[in-house]
Amino acid sequence: MIELNKIYNEDCLIGMKKIESGGVDLIVTDPPYCISYKTNRRKGEHRFSKEILNDDNEQFIIDYMKECYRILKQDSAAYVFSSDKTLDFFMQQARNAGFTIKNVLIWKKNNHTAGDLEAQYAKCYEPILYLNKGRRIINGKRLDDVWSFNRVPSDKLIHQNQKPIPLLMQCVLKSSNEGDLVFDGFIGSASTALACLRTNRKFIGFELDKEYYDKACKRIQLEMAQP
């Protein structure tokens, strides 16, 4: 039985089978981008120099998108972080699963990646698929499709792909209500969980990597201990 406000150290595709169809109100998720990502700025045995689990497995994303559609309530939304390198693939799998693509939101990071310093323009954004199952009315004021939020500073990173909590809070606030249940199959450093706690939402999350899972649990415990 799935408990609310808890994360699980297991494969999300296995764990999602325990969630009833139409059981969650919102999905905010940052899955592997199918690019075998690892940082080139950290060397040796640093945790960030290791590839993300399942980041070379397209079938995993195909199955994940189908399960996301199944567990999401009708007339609800999903935010799926992606990469410009595999955006077409993610868009196609979202459509195949049954989602309507309402926007490709642009997260402007107010910083840029290194990349090829001499033959490539500096990248300073990341796409987010804003999906609907049915039609989800946006809460409050209608926003532009370019969202400006600073990246998490490198010296504050717990996970190499960690997203800023204010960005995740905006997703949660615009597409769910207090008391709603938010799902993230790749909880990472638990930022989605913290965004839910700070906006009075419930959450369920999964993280396969035991090291990140342990860090995420500690982060949630610290957050819940706050007044």
Side-chain angles (χ1 to χ4, degrees), residues 7 26-44 46-55 61 77-87 90-91 103-131 143-175 182 184-199 201 203 205 207 209 211-216 218-220 222-223 226:
I7 62 174
L26 172 66
I27 294 173
V28 180
T29 188
D30 186 19
Y33 297 163
C34 297
I35 58 175
S36 298
Y37 177 83
K38 62 179 179 180
T39 181
N40 292 317
R41 299 182 64 186
R42 316 269 187 165
K43 304 299 181 183
H46 194 282
R47 183 65 182 83
F48 294 176
S49 66
K50 300 177 183 179
E51 291 184 4
I52 301 294
L53 296 177
N54 285 315
D55 202 14
I61 297 301
Y79 294 83
V80 181
F81 287 79
S82 184
S83 164
D84 62 309
K85 296 179 180 178
T86 53
L87 181 59
F90 272 77
M91 293 177 70
N103 290 96
V104 178
L105 301 171
I106 298 300
W107 168 32
K108 185 175 181 293
K109 300 180 178 182
N110 301 326
N111 199 337
H112 58 77
T113 56
D116 187 339
L117 300 180
E118 296 178 338
Q120 181 185 44
Y121 294 107
K123 294 184 178 181
C124 63
Y125 78 94
E126 191 168 316
I128 308 170
L129 289 180
Y130 173 58
L131 311 175
L143 303 178
D144 294 335
D145 58 2
V146 177
W147 294 3
S148 181
F149 289 90
N150 292 336
R151 294 176 63 186
V152 179
S154 59
D155 62 339
K156 302 294 185 182
L157 285 174
I158 300 170
H159 188 288
Q160 60 260 58
N161 294 328
Q162 188 171 332
K163 300 300 184 285
I165 293 175
L167 168 59
L168 299 174
M169 288 176 63
Q170 180 153 292
C171 298
V172 170
L173 288 168
K174 299 306 288 185
S175 298
V182 180
D184 186 353
F186 302 91
I187 204 74
S189 61
S191 295
T192 302
L194 269 59
C196 290
L197 290 172
R198 295 180 187 184
T199 55
R201 271 71 170 174
F203 66 86
E207 176 52 52
D209 189 302
E211 182 178 346
Y212 285 137
Y213 168 78
D214 288 341
K215 292 179 179 179
K218 290 180 181 179
R219 203 173 179 212
I220 291 171
L222 288 172
E223 181 72 21
Q226 297 296 318

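Note that the structure is predicted; figures quoted are calculated from it, not measured. Only heavy atoms go into these numbers, but all of them, side chains included; no hydrogens, no water, no symmetry mates.
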With side-chain contact (heavy atoms from CB on, under 4.5 Å) as the test, would you mind laying out the steps for Gln170 and Leu143 before giving the verdict? CA-CA 10 Å; Gln170 180 153 292; Leu143 303 178; 3.5 Å; yes

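- Put simply, CG on Asp145 and CG on Leu105 are 6.5 Å apart, with the number rounded to the nearest 0.5 Å.
- Looking at Thr199, its side chain does come within 3.5 Å of a backbone N or O of Cys196 through a donor-acceptor pair.
- Residue Pro31 comes nearest to Phe81 through the heavy atom pair CD-O, 3.6 Å, listed as atom of the first residue, atom of the second, then distance.
- Annotation: side chain of Ile128 is not in contact with side chain of Val104 (no heavy-atom distance under 4.5 Å).
- From Ile27, atom CD1 reaches atom CG of Asp184 across 9.5 Å, with rounding to the nearest 0.5 Å.
- Interatomic distance, Thr86 OG1 to Ile61 CD1, rounded to the nearest 0.5 Å: 8.5 Å.
- Closest heavy-atom contact between Ile7 and Ala216: CD1-CB, 3.6 Å.
- Phe90 and Pro32 get closest at one heavy-atom pair: CZ-O, 3.3 Å.
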Determine whether Phe203 and Ile220 satisfy the following criterion, side-chain contact (heavy atoms from CB on, under 4.5 Å), listing intermediate values before the conclusion. CA-CA 11 Å; Phe203 66 86; Ile220 291 171; 4.1 Å; yes

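- Considering only heavy atoms from C-beta on, Gln226 stays 4.5 Å or farther from Leu197 through its side chain.
- Here the CG-CZ distance, from Asp30 to Phe186, works out to 9.0 Å after rounding to the nearest 0.5 Å.
- Between Glu223 and Arg219, no side-chain nitrogen of the basic residue sits less than 4.0 Å from a carboxylate oxygen of the acidic one, so the salt-bridge criterion is not met.
- For the atom pair OG of Ser189 and CD1 of Ile165, the computed distance is 7.5 Å after rounding to the nearest 0.5 Å.
- A tilted orientation is assigned to the rings of Trp147 and Tyr79, their planes being inclined by 30° to 60°.
- Of the residues Lys108, Arg151, Lys163, the one that meets the side chain to side chain contact (heavy atoms under 4.5 Å, CB included) test with Glu126 is Lys163.
- The CD1 atom of Ile187 sits 4.5 Å away from the OG1 atom of Thr192 when rounded to the nearest 0.5 Å.
- The side chain to side chain donor-acceptor pair (under 3.5 Å) check on Lys174 picks up nothing, with sequence neighbours excluded.
- In this structure Tyr125 satisfies the side chain to side chain contact (heavy atoms under 4.5 Å, CB included) test together with Asp84, Ile106, Pro127, sequence neighbours excluded.
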